[in-house]
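In this text, all values refer to a predicted model and were calculated from it rather than measured experimentally. Per chain, numbering begins at 1; letters A, B, ... match sequence-line order.
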Amino acid sequence: MKIKVLLFAHLQEEAGKGEVELELQGDTVKELMAVMEKEYRLTRLPQAMIAVNEEFADEETVLKEGDSVAILPPVSGG
Amino acid sequence: MKIKVLLFAHLQEEAGKGEVELELQGDTVKELMAVMEKEYRLTRLPQAMIAVNEEFADEETVLKEGDSVAILPPVSGG
Amino acid sequence: MNSCSITREPIKVEEIASRVTRPEAGAVALFIGTVRELTGDKRTLYLEYQAYEAMAVKKLEQIRTEIGERWPDAQVVIVHRIGRLEITDIAVAIAVSTPHRDSAYEANRYAIERIKEIVPIWKKEHWEDGEEWIGNQKGTQEYKTGKPEVTEIEN
Amino acid sequence: MNSCSITREPIKVEEIASRVTRPEAGAVALFIGTVRELTGDKRTLYLEYQAYEAMAVKKLEQIRTEIGERWPDAQVVIVHRIGRLEITDIAVAIAVSTPHRDSAYEANRYAIERIKEIVPIWKKEHWEDGEEWIGNQKGTQEYKTGKPEVTEIEN
């Protein structure tokens, strides 16, 4: 299924873009993260938080077609 | 000796003025306070703080000619 | 720079904040005391503030000095307004800048507590049915020594 | 009123303060986070802030809600700026008004701590000899669950 993935901060720079669409084999965040790590050589993923459709999620969260998954490095606002 | 006395808040209203000059018999703040209480019928004097020449003082403080004594009700700024 | 003052003019928050802003500071804590309409069930129409001005400025500067001793990194500006103030008007503004936020909050809090202890300023509340000079709001302590005690601030 | 926002424009302290000023409040606590030049011995030239905007606004609103539950009297406005910020520019402003000052300070402090935990905003420091996206500044915790933990704020 098609998933939109949003990347921020150093992840965005490593991927060379802030948004990618991918065709996911499997249906969990964990599987998606494995694909991202392999295809885009993203670093420090274990420190990242995950949001699905703008709400925090975790590795076990099950995705559905059209979901927006954001990979969020540790935040540093304020 | 001559002492200038400054009055604030309710004391100023009770005395009808913010500043009085008085000829003090004696030389302590305590003696001055007794005169003020008697002559101006000031209320709540036991709660007041005293400043001599703009610095906090107490009843035992010895005054000298020309001193400025302020009688300060409990403060309520801020 | 004259950093503590008593004024009869409206207090501008932006101006107070900008006076402590500097490259070394990452945090500015501001406290603004405004005229509240309701205290308990009493409706205030307006307030009148009076100060023993020369001494009030000295005492505000003393608070700045005390803060400098406890939080050496802090820069402080305090302005207190006197005269007639309407509901929501700013009576006092305290700005503290520090490299990191912990001490900005702490020093700011220290300043307002000390103002309420040692700075000779008084407020008179005006209600529909009367008026009254307000006494010590930190409890009805009597100053037996004639001096305010130096108390540690509880956070 | 849209009380939390992300902006690319300079933040006006006066405006933020006035948005929480009201007759019921006697205290306004403001926190202003500014761009600091020195962190340790590193000299920052400028910062770049990036946000996941839609979610950041949601999380700022969540913080407002949390504050409303803990301090029901409080009114809160939070504005965070993104884009390129120069030294001394305001990155974040938090204004909290309450009837009495205790809760204004506490709620304000709560807001900045939560912002640093749950709001998806990142800063990149630019120095003369390089640049880096800054990670979690509250310690190098790993989010094993993928979610930030809800921690109690230590005063």
>> Quick check for you: among V13(C), I16(C), L30(C), which has the greatest number of heavy-atom pairs under 4.5 Å with chain D?
In response: L30(C)
>> Distance check, rounded to the nearest 0.5 Å: Y49(D) atom OH versus D89(D) atom CG?
In response: 10.0 Å
>> Any side-chain to backbone donor/acceptor pair from Q75(D) onto V96(D)? Under 3.5 Å, distance only.
In response: no
> Can you list every pair that meets side chain to side chain donor-acceptor pair (under 3.5 Å) and has a residue in residues 21-32 of chain C, with sequence neighbours left out?
Replying inline: R22(C)-S97(C)
> Does the pair E9(D)/R81(D) count as a salt bridge with the N-to-O cut at 4.0 Å?
Replying inline: no
>> For residues 35-45 of chain C, give me every residue with a non-hydrogen atom less than 4.5 Å from any non-hydrogen atom of chain D.
In response: V35(C), R36(C), E37(C), L38(C)
> Got a salt bridge between R109(D) and E113(D), using NZ or NE/NH1/NH2 to carboxylate O under 4.0 Å?
Replying inline: yes
> Who are the side chain to side chain donor-acceptor pair (under 3.5 Å) partners of E86(D), not counting sequence neighbours?
Replying inline: R84(D)
>> What part of A27(D) gets within 4.5 angstrom of chain C, counting heavy atoms only: side chain, backbone, both, or neither?
In response: both
> So, does R8(D) use its side chain to make a donor-acceptor pair with the main chain of I82(D) at under 3.5 Å?
Replying inline: no
> Do Y105(C) and N108(D) have a side chain donor and acceptor closer than 3.5 Å?
Replying inline: yes
>> I need the minimum non-hydrogen distance between T34(D) and A25(C), along with the two atoms involved.
In response: OG1-O, 3.0 Å
>> With a 4.5 angstrom heavy-atom cut-off, is it the side chain or the backbone of A17(C) that approaches chain D, or both, or neither?
In response: side chain
> For chain C, which residues of residues 121-131 of chain D have at least one non-hydrogen atom nearer than 4.5 Å to it?
Replying inline: none
>> K58(D) vs E61(D), test: salt bridge (charged side-chain N to carboxylate O under 4.0 Å, His left out). Steps then yes/no.
In response: CA-CA 5 Å; K58(D) 271 192 186 177; E61(D) 288 295 341; over 6 Å; no
> Should V92(C) and I112(C) be marked as a side-chain contact (heavy atoms from CB on, under 4.5 Å) after you check the CA-CA gap, both sets of side-chain angles, and the distance that decides it?
Replying inline: CA-CA 9 Å; V92(C) 64; I112(C) 184 67; 4.3 Å; yes
